[in-house]
Structures are given as structure tokens and as C-alpha cells.
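Throughout, protein chains are lettered first and strands after them, A, B, ... in sequence-line order, and every chain is numbered starting at 1.
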2 protein chains.
Amino acid sequence: MPEPELDQIRQLLKSGGLRVTTPRTTVLQALLAAAGPVTQEQIAQALGKKAPNKVTIYRTLEAFIEADLVHRAFLKDRTWYFEPAHRCSQEQCHPHFSCTRCGRTDCLTEMKMPMAPPVAGYIVQHQRVQLEGLCPRCKAPLHSSAVDIPKTG
Amino acid sequence: MPEPELDQIRQLLKSGGLRVTTPRTTVLQALLAAAGPVTQEQIAQALGKKAPNKVTIYRTLEAFIEADLVHRAFLKDRTWYFEPAHRCSQEQCHPHFSCTRCGRTDCLTEMKMPMAPPVAGYIVQHQRVQLEGLCPRCKAPLHSSAVDIPKTG
DNA sequence: GCCGATGTGCAACTGAGTTGCAAGACAAAT
DNA sequence: ATTTGTCTTGCAACTCAGTTGCACATCGGC
Ligand SMILES: [Zn+2]
Ligand SMILES: [Zn+2]
Ligand SMILES: [Zn+2]
Ligand SMILES: [Zn+2]
């Protein structure tokens, strides 16, 4: 992933009313380059030597969330996964699918999940859907060549 | 909550292939007496002086889950909420509603949430729905008498 | 370039949940 | 009722994502 539009990143930050700093540009870059939701640790790993301090990454993510650039996608094994906020409506984010075999979690950005029916007395502002089952990689593994079980998705 | 059928509790444990012990009966009692999902801490608090050791409560809950008496309802603020497994189908548990104002979480046991449409390549075995918004207690508080904001739901 | 407002790094902390192990309680067999 | 092997419990110490306080560095408007 060769520098995805470094100036656009700066632009994004400014549009969110955020000061442009090195940690913020690199963290945002990592988020945009990632295939799906990522943890603080995964961001740090992806940035390797250039990674800011752990605390800074958390505070940066917090600032991004405040500015609606990023949101918390889901909690898994007691750790948060973050992802860019595009492709999410106010009412509901796309569903996320966790494979019970390989542990990976995919964004089902295509799926149109119906909103919950109204419930007397409640005002539903946001809906979050998590699905579990077998992912394409693990479903009916041809022959014996299954999938190397990775740590995270 | 005056001893909800102590013998039935023993029966439940045995039916799950579990040994009958004091910690198990009291913890199961607390779970059944609770209005909704509860944390380890809330169980301990509800049992007060009679509460078993924290580790024992966790291991007890684990055993209950194994025996399908209890399940993990949802993760909130990095802590698990547990509830009895009745009222849950294999395919999906009832949705849970978290109020963004008072922080309470309610079981929407009545709500019939449609299952996610099939996605090419995936096998969906379980669906979990979390809703957020305003609960009846916080929605349009008449006059100024809102709700005392509690710590947890 | 200067300076107040923001952002960053470090070390120490928090708190839910886990692990290893010795001591205790259950229940099946005698 | 006593024995006996197995499963449970409690304690202390640990883990690990995330947070906090504070001194120092950086940003960007002037
Ligand atoms: Zn898989
Ligand atoms: Zn996603
Ligand atoms: Zn409320
Ligand atoms: Zn529930």
C-alpha cells in the first residue's frame, strides 16, 4: 500500500477540525489501508517502526471518532476493532461476520439488513448486527486442505 | 425474591450433568431472579455475604454455559453480561437494547427480528442484534423529572 | 519567529477475566 | 457410616486492553 494520497489524508484531518500531526496521518493511513476493522495493536504492527506510542494511538482514534472519521465496529475478545466511518449510515453500520472456525471477522458491506420493527416505548437510533458461522474459507474445505487458523481477522 | 424453588434449581443442575454445590445453587438462583442479563460483579453483589469467590462465579458461569443453562448475552464496556438460556432459539437470541442516556440494557424478548438474508459463500449459524437509543424511562421525560442515571443496566 | 492551545510519550495505574495449586466438598462404592 | 477418587473451591498472583497524570514537544495563528 504505497502512500494512499497523503495530501488527501491531510485534507480529511482538516475537514474534521483536527490538527495535522505525524501520528494522526500515519494512523489514518493505516486505517484506510486495512482490509477491515483493526485493533490498536494491529495498527501499531502495521506501522512497525513508525508506530506512535500506544496511548497516542488510542487518543488519536478517540479524536477520529469524535470527528466522525472512524467508529468502533465491534468488541471481540474484550478488544475494540476500529474502521473508517464511510459505508455506514447513521442508522446502522454494515453487519459483521465472525467465523467460529478461523476467528476472522468480515465486513458484510453489501448486506441489506432490515431495521428492527418499532417497539412500544423505545426509540431505536442505532442498530448493530453481528453474525456468526462459517466463512467461505472454512465452509466445506475441499479435500483435507483446510485453512491455517490465524489469530485474528 | 424468596428462594425460587430451591429443589427445582437442584433439578436443573442435575439435568445439566452438574454436581450440586452451594456456589452453583446460589449463582443460578441469582441469575434466575435477575430481571435481565447480569455481570459477575452484579451476581456477587446480589448474593452479598453469601457470594462465592469471584473466580468461582466465573467458573460456575462457564460450567452453566457448557451445560446450556446460561449464555453470554453481550459484551458492554469490556465486561460480559450473562443470562439464563431460556427464551433463546439456537439461531438467534432476543435483541438487546441499550439506552444511551441511562446506560440500562433491556431484553426485547418480544421482538421478532428477521434473520439476515443469505450471503454468498457464508453459512450464518447465529445472529446477534444490539439496538441503541432511548428507553421508555428516558424518552421525553415529563417535566423535569428525568431518571437518576444509574451505573449499569 | 513567538506563544498559547493541543498533542505526544512515558510510567504507573485500572479492572475484568484467567491460571496454578493446595485444600475442601461431592457422590459412588463399600 | 466410612472410604475413596474425582470434581470444586478459594486464594494469590498474573494478564492484558485500555486509561490517567504529568512533563515535554509540536502545531498553527499572530
Ligand atoms: Zn473461517
Ligand atoms: Zn466493517
Ligand atoms: Zn434510559
Ligand atoms: Zn436478554
Asker: With no hydrogens and no angle check, just 3.5 Å: does a side-chain donor-acceptor pair link B/Glu132 and B/His96?
Answerer: no
Asker: Do we see a donor-acceptor contact under 3.5 Å between the side chains of B/Thr79 and B/Thr39?
Answerer: no
Asker: What integer distance in Å separates B/Arg19:CZ from C/dA25:P?
Answerer: 13 Å
Asker: Specify the residue among B/Lys54 and A/Pro23 whose closest nucleotide of DNA chain C lies further upstream toward the 5′ end.
Answerer: A/Pro23
Asker: Heavy atom of residues 62-69 of chain B under 4.0 Å from DNA chain D: which residues?
Answerer: none
Asker: Just the rounded figure in Å: distance from C1' of C/dG17 to CD1 of B/Ile43.
Answerer: 14 Å
Asker: Rounded off to whole Å, could you give me the CG-to-P distance for the B/Leu13 and D/dT8 pair?
Answerer: 11 Å
Asker: Quick test of your reading of the model: are A/Glu62 and A/Arg72 salt-bridged, counting only N-O distances below 4.0 Å?
Answerer: yes
Asker: Whole angstroms only, please: what is the CD-C1' distance between B/Gln40 and C/dG15?
Answerer: 11 Å
Asker: Would B/Leu12 and B/Leu32 satisfy side-chain contact (heavy atoms from CB on, under 4.5 Å), going step by step from the backbone distance to the final call?
Answerer: CA-CA 11 Å; B/Leu12 261 176; B/Leu32 293 173; 4.2 Å; yes
Asker: Mapping B/Leu18 and B/Thr79 onto DNA chain C by nearest heavy atom, which one lands closer to the 5' end?
Answerer: B/Thr79
Asker: Provide, to the nearest angstrom, the distance between the CG atom belonging to A/Asn53 and the C1' atom belonging to D/dA17.
Answerer: 14 Å
Asker: When you measure from the side chain of A/Gln130 to the backbone of A/Phe97, do you find a donor-acceptor pair of N or O atoms at a distance under 3.5 Å?
Answerer: no
Asker: Answer yes or no: is there a donor N or O on one side and an acceptor on the other, between the side chain of B/Gln127 and the main chain of B/Ala116, under 3.5 Å?
Answerer: yes
Asker: Could you tell me how far apart B/Tyr58 (OH) and C/dG17 (P) are, to the nearest whole angstrom?
Answerer: 3 Å
Asker: Taking atom types as they are modelled, is there a donor-acceptor pair under 3.5 Å from the base of D/dG10 to the side chain of B/Arg59?
Answerer: yes
Asker: Does C/dT8 have OP1 or OP2 under 4.0 Å away from a side-chain N or O of A/Thr21?
Answerer: yes
Asker: Inspect the contact between A/Asp77 and B/Arg78 and indicate whether a charged nitrogen and a carboxylate oxygen are less than 4.0 angstrom apart.
Answerer: no
Asker: Mind grabbing the angle between the end helix axes of the helix from C/dG1-D/dC30 to C/dT30-D/dA1? Five pairs an end, 10° rounding.
Answerer: 30°
Asker: Which is it for B/Leu6 and B/Arg10 under the side-chain contact (heavy atoms from CB on, under 4.5 Å) test, yes or no, and what are the steps along the way?
Answerer: CA-CA 7 Å; B/Leu6 210 132; B/Arg10 272 184 248 263; 2.8 Å; yes
Asker: What is the distance from CG of A/Leu75 to C1' of C/dA16, rounded to the nearest Å?
Answerer: 12 Å
Asker: Looking at C/dG9, I'd like to know if its phosphate oxygens (OP1 or OP2) sit under 4.0 Å from a side-chain N or O belonging to A/Thr56.
Answerer: yes
Asker: To the nearest angstrom, how far is B/Glu41 atom CD from C/dG17 atom P?
Answerer: 10 Å
Asker: Taking C-beta and beyond as the side chain, do A/Leu47 and A/Pro52 meet within less than 4.5 Å on heavy atoms?
Answerer: yes
Asker: Between B/Val55 and B/Arg78, just flag the one whose closest nucleotide in DNA chain D comes earlier from the 5' side.
Answerer: B/Val55
